[in-house]
Amino acid sequence: MTPIVVVKNVAKSYSEQLVLNRINFSIKRGEVVGLVGPNGSGKTTLIRLLNGVIAPDSGSITIDGKDPIQEGDEIRAKCGTLTEEAGLYEELTAYQNLLFFAKLYHVQNLERIAELLERLQLDHVQHQKVGTFSTGMKKRLQLAKVLLHQPELLFLDEPTNGLDPEGIHLIMQIVRELNETERTTILICSHILSQLEYLCDRFLFIEKGSIIEQGTQKELADRYLRRIQLRVETTYTHPENRIGTFQYQPIAADEILFTLNSKKEIAELLSLLTQVAEVYAAEVLNRNLETIYFEVKKKFYG
C-alpha cells in the first residue's frame, strides 16, 4: 500500500538556526503514529510543513501524492490540524463558531455540528460565548472544528495540553474511535508518553531536529531493552531470595522483583513458581514507552 505521508530528506532553518535536519519517514493509510520528543525538538515545525503553511528549505513532502506547497488547498480539504493555538472566535458562541467553519469548509450537512457538540460534551454550552470557556472546553471545541469536514488525515499537536484527567480521557477516546471506526490516519505529537503508549501503532523519536529512531513499541523494546524486570505477586519465599537459578528482590508484602535476561525466561520462571506457591499477578515493569525513550536517548546522547 502506498503511504499517505512521505517525507524525504526534509530540512528547515529559521534565521540560520537549523530546526529540522534531513527528516525521513512515511505513514501508511490508517496508521496512528506518535511523534515523540521534548519541547523545541521540531515537532510543531514539522506539522506546519506537512500542512503547507511553510515550505522546507530542502527535501520533499507528499500528502496522498500531492505537494503541500503546490496543492495546499486540496491537501487541507482532506486534513484536520489541531494545534496549541485555539483559532476560535471568542465573541461568538460555540455553535456560531462551528457554523462559520462549516461554511468555510463547505460542509453541507449541518447536523454534523450538533453531532460533534454532543460527542465532545459541549452541547449544554453551545450557545455560550467561547470567551467564557475554560482551556479544556476550548480544546474540545477546537477538535470539533477540526473534525467538521471528516478529514482522512489528522495532525494533532499536543492535543491534551491544559486538560484535566477527564478531558484527556475524552480526547484520547475520540481519537482512538476515529481510527478504529473511520480508519482515520493520525500523526499525534506529544511529550507525555503515557498518553501515546496504548494509542499509537508506531513511534518516531525526534531530538534536536532529527529523527533518531522509529518503530513499533515491540520493535523498539526488542532493540533497546536487554533485561526485563518482572514484578510477581506471590506467596513464595526463600531464605536466599531465589528459586532455581533465578534471584529476586523482595519489594513489598507478597511482592518480589526478578531481573531476567530475556522474555523467554518468563515462562520458565512462572512455571517454577506455580509448582510451589500461589501466583496472583506478574507484570513486566520496564518495557513501557518511557523506558524505551530514555534508553534510545542514552544511546545517542549518553
For the student: nearest non-hydrogen atoms of [X] and [Y], plus distance:
X: C189; Y: K43; answer: CB-CD, 4.0 Å
X: V107; Y: L148; answer: CG2-O, 3.8 Å
X: N51; Y: P68; answer: C-CB, 4.3 Å
X: Q142; Y: L88; answer: N-CD1, 4.2 Å
X: I23; Y: G209; answer: CD1-O, 3.3 Å
X: S262; Y: I228; answer: C-CD1, 3.5 Å

For this session: Please check if any side-chain donor atom of E240 sits under 3.5 Å from a side-chain acceptor atom of Y248, or the reverse.
Result: no
Is the closest side-chain heavy-atom distance between [X] and [Y] below 4.5 Å?
X: T81; Y: I47; result: yes
X: L92; Y: V130; result: no
X: L82; Y: L154; result: no
X: I243; Y: L273; result: yes
X: L230; Y: L257; result: no
X: P3; Y: V6; result: yes
X: L156; Y: I186; result: yes
X: E233; Y: V279; result: no

Around [X], counting heavy atoms of other residues, nucleotides and ligands shown, do more than 12 lie under 6.0 Å from its [atom1]?
X: E118; atom1: CD; answer: no
X: R242; atom1: CZ; answer: yes
X: Q17; atom1: CD; answer: no
X: Y14; atom1: OH; answer: yes
X: Q173; atom1: CD; answer: yes

Exercise. Which of these, R76, R183, R29, sits in a salt bridge (charged side-chain N to carboxylate O under 4.0 Å, His left out) with E152?
Worked result: R29
Is there a donor-acceptor pair closer than 3.5 Å between any side-chain N or O of [X] and the backbone N or O of [Y]?
X: T62; Y: D67; value: no
X: N24; Y: R22; value: yes
X: T184; Y: L178; value: yes
X: N241; Y: Q249; value: no

Exercise. Does F101 have K145 sitting over its ring (NZ/CZ under 6.0 Å from centre, angle to axis within 45°)?
Worked result: yes
Exercise. Checking side chain to side chain donor-acceptor pair (under 3.5 Å) for the pair S194/E290: CA distance, chi angles, key distance, verdict?
Worked result: CA-CA 7 Å; S194 59; E290 182 173 330; over 6 Å; no
Are any of the side-chain nitrogens in [X] or [Y] under 4.0 Å away from the carboxylate oxygens of its partner?
X: K299; Y: E213; answer: no
X: K129; Y: E90; answer: no
X: E177; Y: R119; answer: yes
X: R112; Y: E115; answer: yes

Gap between atom [atom2] of [Y] and atom [atom1] of [X] - 0.5 Å precision:
X: F205; Y: I211; atom1: CZ; atom2: CD1; answer: 10.5 Å
X: L99; Y: T93; atom1: CG; atom2: OG1; answer: 8.5 Å
X: R140; Y: I171; atom1: CZ; atom2: CD1; answer: 7.5 Å
X: I61; Y: K66; atom1: CD1; atom2: NZ; answer: 15.5 Å
X: L147; Y: L120; atom1: CG; atom2: CG; answer: 7.0 Å
X: K103; Y: Q108; atom1: NZ; atom2: CD; answer: 11.5 Å

For this session: Can you label the angle between the H127 ring and the Y95 ring as parallel, tilted or perpendicular, going by 30° and 60°?
Result: tilted
For this session: Quick one: sort the H238 and Y236 rings into parallel, tilted or perpendicular, breaks at 30° and 60°.
Result: parallel
For this session: Quick one: do Q217 and E197 satisfy side chain to side chain donor-acceptor pair (under 3.5 Å)? Show the steps, please.
Result: CA-CA 8 Å; Q217 186 165 342; E197 188 159 4; 2.8 Å; yes
Exercise. Side-chain heavy atoms under 4.5 angstrom apart, residues restricted to Ile, Leu, Val, Met, Phe, Trp, Tyr: same cluster for F155 and L196?
Worked result: no
For this session: Let me see the working for V125 and M137 under side-chain contact (heavy atoms from CB on, under 4.5 Å), right down to the final yes or no.
Result: CA-CA 9 Å; V125 293; M137 292 164 69; 3.8 Å; yes
Exercise. How far apart are the C-alpha atoms of I256 and I251, what are their side-chain angles, what is the distance that settles it, and do they pass the side-chain contact (heavy atoms from CB on, under 4.5 Å) test?
Worked result: CA-CA 5 Å; I256 56 181; I251 53 175; 5.7 Å; no
Exercise. Please walk me through it: do D157 and T44 pass side chain to side chain donor-acceptor pair (under 3.5 Å)?
Worked result: CA-CA 7 Å; D157 189 6; T44 298; 2.7 Å; yes
Problem set entry | Of K218, E219, R226, the residue whose pairing with D222 passes side-chain contact (heavy atoms from CB on, under 4.5 Å) | K218
For this session: Under the side-chain contact (heavy atoms from CB on, under 4.5 Å) rule, what do S41 and E207 come out as? Steps first, then yes or no, please.
Result: CA-CA 5 Å; S41 59; E207 288 280 339; 5.7 Å; no
Problem set entry | Criterion side-chain contact (heavy atoms from CB on, under 4.5 Å) on T135 and L163, from CA distance to verdict | CA-CA 7 Å; T135 300; L163 299 185; 5.6 Å; no
